[in-house]
Amino acid sequence: MPELPEVEIAARNLRRWAAGRRIERVETDPRARRIFRPATPAALSRALTGARVEEIGRAGKNLLLRLDRGGTPLGLHSHLGMTGKWIRREAGAAPPSHSRVRLALDDGAVLHYRDPRLFGRLRLVPGARFDAVPEVAALGPDPLAGPLDVGRLADALARSRLPVKVRIMDQRVLAGVGNIYASEACFRARIDPRRKARSLERAEVRRLARAVVAAMQEGIERQEGPEIAYVEEGGENPFLVYAREGERCPRGDGGRIRRLVQAQRSTYFCARCQR
DNA sequence: ACCCGTGTTCGCTG
DNA sequence: TCAGCGAACACGGG
């Protein structure tokens, strides 16, 4: 389930599970070649076996693992795509379905990278120089890495004729915003997602920036909190408007949530309160 | 069977 | 040259 909040939870999990641990064994699913960069399972296995996990960082939707191979730094860049997830299992436990990579750690646990659709990516980064990875270098500001620069966001919006909801999903504009949180942020900011990005006034840009941060923070708290058990799959839809077509607007203004398609993705909004 | 999907990249077009 | 568009990737679930 990866947008910024889910990737942040994955980073926190990996810190608890793997920081300071040594990777003793690596297994890969041969069908999963396409997620590897470079694309050979053998190269991935050779590089990671024996390495120690030092730090786990996050930039937008990207997980950045800093490893140590006998004094030489090595980076592992993990992008979860649509369906990627890191899962911990005790030694000998049955693997989850679609486990594509298994990292056996020195405490006996096994980290599984599960990814049914294979849209994720795992990339070795020599010297842990993540700024040399083009997709990472091109990222815009991360909404949780310090206060967002409203002027910079306004500039990025002013240069586009795209609908604002589509524009804020561009990772060069805001790192970590995906399809769900783009709808949620527009709703919180009371901005119509169909508006051209360049049409927003400065005050609206400020509202949008705050709305993005608030939506992300709530998403993280929801998944990190003690109620994890029933937020897991099968629970209620935790979002304000996403996937709520036809329901009443949560602001109680009498509007109904509408669905439309923008840039081949579903958008949800209330045309009554979002202008 | 058919449609939909929390993401990104690539090739084409104007 | 570049912003924008639509297809493609691959598979499960409703």
Below 4.0 Å: OP1/OP2 of B/dG7 and any side-chain N or O of A/K61: yes

Looking at the side chain of A/P2, which of B/dT8, C/dC11, B/dT6 is the nearest nucleotide? B/dT6

Would you say A/R34 places a side-chain N or O within less than 4.0 Å of OP1 or OP2 belonging to C/dA10? yes

Going by modelled atom types, is there a donor-acceptor pair between the base of C/dG4 and the side chain of A/R161 at under 3.5 Å? no

Using whole Å, what does the distance between atom P of nucleotide B/dC10 and atom CZ of A/F119 come to? 14 Å

Whole-Å distance, A/R121 CZ to B/dT8 C1', equals 8 Å

Salt bridge A/R58-A/E8, side-chain N to carboxylate O under 4.0 Å: yes

Taking the P atom of each, how far is B/dC4 from C/dG6, in whole Å? 16 Å

Please state whether the rings of A/W86 and A/Y113 are parallel, tilted or perpendicular, taking 30° and 60° as the class boundaries. tilted

Across all strands shown, which nucleotide pairs with B/dT6 by Watson-Crick or G-U wobble geometry, both distances under 3.5 Å? none

Quick one: do A/R188 and A/E184 make a salt bridge, cutoff under 4.0 Å? no

A/Y242 side-chain proximity, nearest of C/dG4, B/dG5, C/dG12: B/dG5

In whole angstroms, the gap separating P of B/dG7 from CG of A/L118 amounts to 17 Å

I need the CZ-P distance between A/R31 and C/dC9, as an integer number of Å. 16 Å

Gap between atoms CG and P, on A/D115 and C/dA10 respectively (whole Å): 12 Å

Taking only side-chain nitrogens and oxygens of A/T83, does any of them come within less than 4.0 Å of OP1 or OP2 of B/dG7? no

Is a salt bridge present between A/R152 and A/D155, judged by a nitrogen-to-oxygen distance below 4.0 Å? no

